[in-house]
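Note that this is a predicted model, so its numbers are computed, not measured. Counting convention: from 1, in listed order, for ligands and their atoms alike.
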Amino acid sequence: MNDVGIESLGAYVPMYSLALDELARGRGVDPRKYRAGLGLETMAIAPPWEDAVTLAANAAAPLFEDGRVARDEIGLLLVATESAVDHARPVASFVHELLRVHPACRTVELKHACYGGTAALMTAAQWIASGAARGRKALVVATDVARYGFGTAGEPTQGAGAVAMVVSSVPWLLAVDFRRSGSFAEGVFDFWRPLERREALVDGKYSVDCYLRALEGAYDDFRAADGGRTVGGRPLPDVFRAFLYHTPFPKMAWKAHDRLLDVDARRRGEELDEAERERRVADSFASQVAPHLAFARLVGNTYTASLYVGLAALLDAAGERLRGERIALFSYGSGCCAEFFAATLGAGAGASPSGLAGLLASRRAVALEEYEAMRAATEPDASLRVPDGFRGRFVYRGSEDERRRYRPV
Ligand code: CAA
């Protein structure tokens with residue numbers, strides 16, 4: 001059975017950031033709530049001349065420029081987003097145009113809240129494995145701008161960014177075990193965004209409960225699909241070298257890991273006293289989860305891209321060390337659908353950086369007032385001059401005759 005998975009990966013975040021301490025000051029909140037309570041330091045802020053299209057194209061462009069993939073090798077272009085720019089024309093179509101991908105290519109936008117990126121990855125993997133790809137590759141991009149209303153509980157958990165992945169039968173970075181994944185779905189209003197609203201609505205505490213219930217359900221389905229092959233009777237921290245979770249805010253990954261290890265122990269009939277259980281979770285979290293949250297702390301929530309921002313962090317910092325090792329991934333999308341799956345790091349893991357560390361280091365911090373002005377603007381200034389330090393390739397230059405227009409920089 002041939003391996004399928006991620007051959008190369010690129011990531012992108014906008015050039016502006018807001019410190020959570022600055023937001024806390026403006027909102028009259030104890031900054032420790034955001035830092036310790038949610039685990040966040042800064043969040044990425046998209047200016048009015050960036051949107052889901054530019055973020056996606058800016059994440060994927062370097063993959064073509066440095067020869068990691070050729071334009072005529074791509075036969076499937078899937079863009080996952082919940083920040084669509086048009087009700088009919090998909091973000092994938094704009095990205096296809098901007099990147100000048102070969103016309104013989106199926107282009108589709110996928111939506112299922114934050115789960116869309118994983119839906120796209122699994123669809124691409126199955127397209128390759130089915131033989132329909134005829135030797136070609138898929139480009140999967142997860143791209144989003146996370147927006148909540150000013151002064152709402154969700155406001156500190158915003159962010160923006162994209163991750164682009166070339167999926168092929170040469171999983172140089174990560175072989176995805178898509179044949180034995182576990183899914184869970186249920187109809188819930190935990191987080192949603194009515195048509196024509198720019199900001200999401202959320203039932204915050206309920207959304208956390210929904211996420212954790214979905215984790216439990218998806219893990220049970222994974223165990224059933226796996227038939228004991230991967231997990232056997234061993235505790236999960238002995239089975240996987242790392243765990244990546246959908247991360248709306250880093251503390252959520254802690255809650256998820258705590259719940260997962262608890263469920264796993266219960267399913268194996270293991271009885272631990274509370275102190276021993278807490279020690280196991282803390283040790284495993286510190287070495288197998290926390291290091292891979294480094295980018296999430298600085299970027300915030302990137303919805304569909306969030307899990308893959310975690311993958312970028314893992315590949316960049318620990319990829320080489322973990323080559324050949326198995327990791328577990330959990331994807332959650334409100335509404336809801338979730339998936340728990342396993343993957344194995346490839347021989348090229350860690351060899352080519354995602355680009356995120358450099359982008360994060362070169363960002364410009366904005367003050368609260370500047371953030372509020374950027375957020376309030378729906379269209380870029382007509383006289384837009386891209387600021388020095390912009391490291392993307394494309395910008396949104398506004399709408400003409402109700403058609404969105406983009407241009408290379
Ligand atoms: N010092 C240290 N910690 C503090 C503190 C202080 N002064 N004040 C509060 N805290 C801690 C609290 O104890 C709490 O920690 P625990 O969760 O471990 O108990 C944490 O800070 C947050 O405090 P609250 O629960 O009181 O915060 P809140 O009511 O303002 O809401 C939230 C938090 C629900 C996550 C909110 O930010 C929100 O609605 N976010 C958007 C929704 C979201 O991200 N949901 C996640 C699951 S759904 C999903 O994953 C899909 C998606 O991407 C949206």
Query raised in the report: Out of A153, A146, G159, G204, who gets a non-hydrogen atom closest to atom 36 (C) of ligand 1?
Result: A153
Query raised in the report: Is V53 close to Y396 at the side-chain level, that is, under 4.5 Å between some pair of heavy atoms?
Result: no
Query - Whether K255 lies under 4.0 Å from ligand 1, heavy atom - result: yes
Report summary line: Filtering P31, G37, G333 for the heavy atom nearest atom 14 (C) of ligand 1 leaves G37
Query raised in the report: Is it true that W254 lies under 4.0 Å from ligand 1, counting heavy atoms only?
Result: no
Report task. Evaluate the criterion side-chain hydrogen bond (donor to acceptor under 3.5 Å, both in side chains) for residue pair Q126 and S130; output intermediate values, then yes/no. Result -> CA-CA 6 Å; Q126 288 165 18; S130 74; over 6 Å; no
Requested in this report: Mark whether atom 21 (O) of ligand 1 lies under 4.0 angstrom from at least one protein heavy atom.
Outcome: yes
**Report entry** Protein heavy-atom partner closest to atom 41 (C) of ligand 1 - residue, atom, separation in Å
**Finding:** T157 OG1, 3.4 Å
Query raised in the report: Should R405 and E400 count as an ion pair when the cut-off is N to O under 4.0 Å?
Result: yes
Query raised in the report: Which ligand 1 atoms are under 4.0 Å away from a heavy-atom of K251?
Result: 15 (O), 16 (P), 18 (O)
Query raised in the report: Can C114 be said to touch ligand 1, with heavy atoms closer than 4.0 Å?
Result: yes
Query raised in the report: Is it true that R279 and D283 make a salt bridge, defined as a side-chain N closer than 4.0 Å to a carboxylate O?
Result: yes
Requested in this report: Heavy-atom contacts with Y332 under 4.0 Å: which atoms of ligand 1 show up? List them by number with element.
Outcome: 48 (S), 49 (C), 50 (O)
Query raised in the report: Under 4.0 Å from any heavy atom of F249, which atoms of ligand 1 are there?
Result: 35 (C), 44 (O), 46 (C)
Query raised in the report: Which word best sums up how the rings of H246 and Y332 line up, parallel for under 30°, tilted for 30 to 60°, or perpendicular for over 60°?
Result: tilted
Requested in this report: On the 0 to 90° scale, with breaks at 30° and 60°, tag the F285-H257 ring pair as parallel, tilted or perpendicular.
Outcome: tilted
Query raised in the report: Going by an N to O cut-off under 4.0 Å, is there a salt bridge joining R180 and D177?
Result: yes
Query raised in the report: Can you find a protein heavy atom under 4.0 Å from atom 12 (C) of ligand 1?
Result: no
Report task. Would you mind telling me if ligand 1 is within reach of the side chain of N301, the backbone, both or neither, using heavy atoms under 4.0 Å? Result -> side chain
Report summary line: Per-atom filter on ligand 1: closer than 4.0 angstrom to a heavy atom of F191 are 54 (C)
Query - Electrostatic pair R68:E73 at N-O distance under 4.0 angstrom - result: no
Query raised in the report: Quick one: does H246 get an N or O within less than 3.5 Å of an N or O on ligand 1?
Result: yes
Requested in this report: Using a strict 4.0 Å cut-off to heavy atoms of S334, name the atoms of ligand 1 that fall inside it.
Outcome: 48 (S), 51 (C)
**Report entry** Close aromatic pair by centroid cut-off 6.0 Å: Y406 and F394
**Finding:** no
Report task. Give the residue and atom name of whichever protein heavy atom lies nearest to atom 42 (C) of ligand 1, and the separation in Å to one decimal. Result -> V202 CG2, 3.5 Å
Requested in this report: Decide, yes or no, whether a salt bridge links E199 with R375 under the criterion of side-chain N to carboxylate O below 4.0 Å.
Outcome: yes
Query raised in the report: According to the interplanar angle, ranging from 0 to 90°, do the rings of W49 and Y16 count as parallel (below 30°), tilted (30 to 60°) or perpendicular (above 60°)?
Result: perpendicular
Query raised in the report: With sequence neighbours left out, what residues match E109 under side chain to side chain donor-acceptor pair (under 3.5 Å)?
Result: none
Query raised in the report: Does the separation of the ring centres of Y211 and Y245 fall below 6.0 angstrom?
Result: no
Query - For S207, atoms of ligand 1 separated by under 4.0 Å from a heavy atom - result: 42 (C), 43 (C), 45 (N), 46 (C), 47 (C), 48 (S)
Report task. Please confirm whether Y148 comes within less than 3.5 Å of ligand 1 when only nitrogen or oxygen atoms on both sides are compared. Result -> no
Query raised in the report: Among K33, R32, K205, M252, whose heavy atom sits nearest atom 23 (O) of ligand 1?
Result: K33
Query raised in the report: For atom 44 (O) of ligand 1, what's the nearest protein heavy atom and its distance?
Result: P248 CB, 3.4 Å
Query raised in the report: For ligand 1, which atoms, with element, lie under 4.0 Å from some heavy atom of Y211?
Result: 50 (O)
**Report entry** Closest to atom 33 (C) of ligand 1 among D30, T304, L38 (heavy-atom distance)
**Finding:** L38
